[in-house]
Amino acid sequence: MARIIGGLTTSHVPSIGKAIAQKEQESPYWKPFFDAFKPAHEWLAREKPDVAVVIYNDHGLNNFLDKMPTFAIGAAAEYHNADEGWGIPVLKPFRGHPKLSWHIIESLVADEFDITMCQEVLVDHAFTLPMALMYPGNIDWPVATVPVMLNSVQHPLPTARRCYKLGQAIGRAIDSFPEDIKVVLLGTGGLSHQLDGKRAGFINKPFDLWCMDKMRNDPEALARLSNHEIVEKAGSQGVELMTWIAMRAAMTGRVKELHATYHVPISNTGGAVMLFENNPQPHAIAAE
Amino acid sequence: MARIIGGLTTSHVPSIGKAIAQKEQESPYWKPFFDAFKPAHEWLAREKPDVAVVIYNDHGLNNFLDKMPTFAIGAAAEYHNADEGWGIPVLKPFRGHPKLSWHIIESLVADEFDITMCQEVLVDHAFTLPMALMYPGNIDWPVATVPVMLNSVQHPLPTARRCYKLGQAIGRAIDSFPEDIKVVLLGTGGLSHQLDGKRAGFINKPFDLWCMDKMRNDPEALARLSNHEIVEKAGSQGVELMTWIAMRAAMTGRVKELHATYHVPISNTGGAVMLFENNPQPHAIAAE
Amino acid sequence: MTFGAPIPGTPVFDGDAAVKGYALNKMCFSFNAKENRDAFLQNEEAYCDKYRLSDEQKQAIKSRNVLQLIAAGGNVYYLAKFAGIFGLNVQDIGAQQTGMSIDDFKAYLVSQGK
Amino acid sequence: MTFGAPIPGTPVFDGDAAVKGYALNKMCFSFNAKENRDAFLQNEEAYCDKYRLSDEQKQAIKSRNVLQLIAAGGNVYYLAKFAGIFGLNVQDIGAQQTGMSIDDFKAYLVSQGK
Ligand SMILES: [Fe+3]
Ligand SMILES: [Fe+3]
């Protein structure tokens, strides 16, 4: 049976792509953020996951308002990155895992999630840069991938509660996948930031630290936030927190925090990284 | 408050478009099917709805497998028909009702339906032909429209239960729309038919009549069907029954059957038409 | 997670079929537009190559055989647009798949209304 | 059905905004592709006309003013691609919207980490 070995949540911003391209990882501005991934590198080298399920939000590369899905899941053999208009280098294609994708989609639709099923996805910086942070050095990607997109563009956005339930259902789906593979979860987005309006530049460190604490100890509390509360406290793009909530809910076992970093700012954003290990619950072990 | 005055369910097949274009409504082959709409014409002339909410399935005009939504709702000011590849005349554009569309979408997403929101939709024969059957004579469409698409192309399809719940949620959403408008519901699809495979041409009259009976007296029974059961009993395209189930569930009041016709075949399909009146429940009246 | 027991003579367009048939269905989806139907008719092989059809899919397209097209991953909703190029309707493709004459297939449809 | 009480300085891209801004956002979405960015730079007005921008939207595009673009229905995720044409990043547009100098805006970001 497939096993969720753990998960990583991280902020994503396009300028990470520029920092990598220009080798600024050791600059005073970027070092605290890039250093946050060193524990993840050690963990990944030791645990060697086979597949990364990447829960993120598209920023208008793949999805447009003509057809804006609330939840969309990729089921392709390969995913391409592309020009987003900002001159960030386009990264190498990513291997998909169609069997796991379809298994998750079938399980979710049976569980009454109304998934948009995607046999082509252009993956944007919210997918590619966390992968490049996890696997630095322009190596061949050592994992297959499953992209999961949450709408963060067009209100009404899915509620935190719904994203939490989605994550739980993804966790159940992975746990029931019959192949003997190791899965790492990614949640990429947030934390607090706002790009638009007169409040642009707003960051809320106390709220971000509260969110990180709840990620550790009480993720249900995050599911109780209303979207209005999230926009108010985390800024209009702070709704990307949904990706963290879904990823945390997908860890179905006993969860142990391995690492956490919080550093302000990266670009306009509260830059946060958390790494968790997931140990299957006794009943999950019994079911194997 | 908005009021659902009733609903019509009908089969749709591209050849209806040809029959209309070639004025074959009175031919022996087509007369029984076209005649089924006469009671609807009288009822519509009397009741004069303002908006039609059309629950249907796209056949590969608007949606492709690159991004296949389970449930998609249009929210545009206008919807265009287009060439589907079979030489059926392209019908005149349809007015949208963006306010009602967005109200329904907001209500559904709050109710944990994961809607794909569409600001452009090419509406196909499953939307246009039932409209042409309801409003014959190439007149200007006297109603605004809200297209609601259910996936019938790519398995996993939504379950009958989920479509039933979707319908209920649409009904609640319309009931809570603050403008004083009259809404007619359409469910277009089915009944039994199968276009593909060695069982092509399969029609199941006893099952269709059972479905029509349940539409009248016990719609919950339809929600208990599994997708496997529907494909087995109604053929692979018989899954379009989902549109009937959702439309029936959206009638939130006391429902009275005004008319029903069943005639085999129209094209490869069990051709069925049902017309229902919806009278608001006492509590719904009180809420007005 | 499966759809359930196979139903004789009844294809189920699931994830496996979608993966297998993607190129073929994408080509058939393009046939919504007349200029694409014309381009196909003008140079069938070049058009199939443009959509990177597999050899099995090219062979199935060449054969005009619906059961072969389904076996190659085709979905009937998109294949119907391919059939439309040749003026074939759902009775024509029904007759072809069942091995009946068109008159027999139409009579079979009528008989199910009795 | 509403999002809730307005949050000062914080646009909410809801259905009303989506309806109002559709043409503008569609144009900005096209700026993912270099050939479209180039076409815009070559003939800005013709490009806006092609996407049927309203007069308000054309004016906002001409002004390069992000608050005006948002008022005209623009969504920041798509507008960021318009800003990208001019090499502007999210600090540049943040400074513009808040009326700060870029250095002051950057200092404001840093200050929130204290
Ligand atoms: Fe982002
Ligand atoms: Fe149909």
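In what follows, chains carry the letters A, B, and so on, assigned in the order in which the sequence lines appear, proteins first and then strands, with residues in each chain numbered from 1.
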Quiz prompt | Short side-chain to backbone donor-acceptor contact, B/W86 and C/A80, under 3.5 Å | solution = yes
Quiz item: Is B/Q22 atom CD crowded by more than 12 heavy atoms from other residues, nucleotides or ligands, each under 6.0 Å away?
Solution: yes
Quiz item: Above 12 or not: heavy atoms from other molecules or residues under 6.0 Å from CZ of B/R224?
Solution: yes
Quiz item: Between C/T98, C/D14, C/V90, which has the largest tally of heavy atom pairs under 4.5 Å with chain B?
Solution: C/V90
Quiz item: Checking B/N57 against chain C: side chain, backbone, both or neither under 4.5 Å from a heavy atom?
Solution: side chain
Quiz item: Which region of B/Y262, side chain (C-beta onward) or backbone (N, CA, C, O), has a non-hydrogen atom less than 4.5 Å from a non-hydrogen atom of chain C, or is it both or neither?
Solution: neither
Self-check item: Cationic N near anionic O, under 4.0 Å, C/R37 to B/D83
Solution: yes
Exercise. Could you look at B/Q154 and say if it's the side chain, the backbone, both or neither that has a heavy atom under 4.5 Å from chain C?
Key: both
Quiz item: Taking C-beta and beyond as the side chain, do B/Q194 and C/P11 meet within less than 4.5 Å on heavy atoms?
Solution: yes
Quiz item: Strictly by modelled atom types, are B/E84 and C/N32 linked by a side-chain donor-acceptor pair under 3.5 Å?
Solution: no
Practice problem: Output the option from B/D208, B/I203, B/T269, B/V264 having the highest count of non-hydrogen pairs under 4.5 Å with chain C. | Solution: B/I203
Give the table of side-chain donor-acceptor pairs shorter than 3.5 Å for residues 13-21 of chain B, with sequence neighbours excluded, one pair per line with atom names and distance.
none

Quiz prompt | Contact leader toward chain B among C/I93, C/I85, C/V12, where contacts are heavy-atom pairs under 4.5 Å | solution = C/V12
Self-check item: Contact winner vs chain C - B/G235, B/G201, B/S267, heavy-atom pairs under 4.5 Å
Solution: B/G201
Exercise. Check whether any side-chain heavy atom of B/V153 sits under 4.5 Å from a side-chain heavy atom of C/Y78, and report yes or no.
Key: yes
Quiz item: Is there side-chain contact between C/Y77 and B/S152, with at least one heavy-atom pair below 4.5 Å?
Solution: yes
Exercise. Among C/C28, C/G113, C/A95, single out the residue with the greatest number of heavy-atom pairs under 4.5 Å to chain B.
Key: C/G113
Quiz item: Between C/Q112 (side chain) and B/G270 (backbone), is there a donor-acceptor pair under 3.5 Å?
Solution: no
Quiz item: Within a radius of less than 6.0 Å around CD of B/E229, do more than 12 heavy atoms belonging to other residues, nucleotides or ligands occur?
Solution: yes
Quiz prompt | Aromatic centroids of C/Y22 and B/F64 separated by under 6.0 Å | solution = yes
Self-check item: Separation between CG of C/L109 and NE2 of B/H193, rounded to the nearest 0.5 Å
Solution: 11.5 Å
Quiz item: Taking B/L61, B/N227, B/L122 one by one, which has the highest count of heavy-atom pairs under 4.5 Å against chain C?
Solution: B/L61
Quiz item: Is there side-chain contact between B/E232 and C/T10, with at least one heavy-atom pair below 4.5 Å?
Solution: no
Quiz item: Taking every heavy-atom pair that is under 4.5 Å apart, which of C/Y108, C/F31, C/F82 has the most such pairs with chain B?
Solution: C/Y108
Practice problem: Mark yes or no for whether C/Q97, through its side chain, and B/L195, through its backbone, hold a donor-acceptor pair below 3.5 Å. | Solution: yes
Quiz item: Is it the backbone or the side chain of C/N25 that comes under 4.5 Å from a heavy atom of chain B, or both, or neither?
Solution: both
Self-check item: Between C/F13 and B/H155, ring centroids under 6.0 Å
Solution: no
Quiz item: Checking heavy atoms, do the side chain of C/K34, its backbone, both or neither come under 4.5 Å from chain B?
Solution: both
Exercise. State, yes or no, whether a side-chain contact exists between C/P8 and B/R199 at a heavy-atom distance under 4.5 Å.
Key: no
Exercise. Measure the CD1-NE2 distance between C/I7 and B/H228 for me, rounded to the nearest 0.5 Å.
Key: 4.0 Å
Quiz item: If you check every heavy atom in residues 54-74 of chain C against those of chain B, which residues fall under 4.5 Å?
Solution: C/L67, C/I70
Quiz item: What distance do C/N89 atom CG and B/N268 atom CG have between them, rounded to the nearest 0.5 Å?
Solution: 8.0 Å
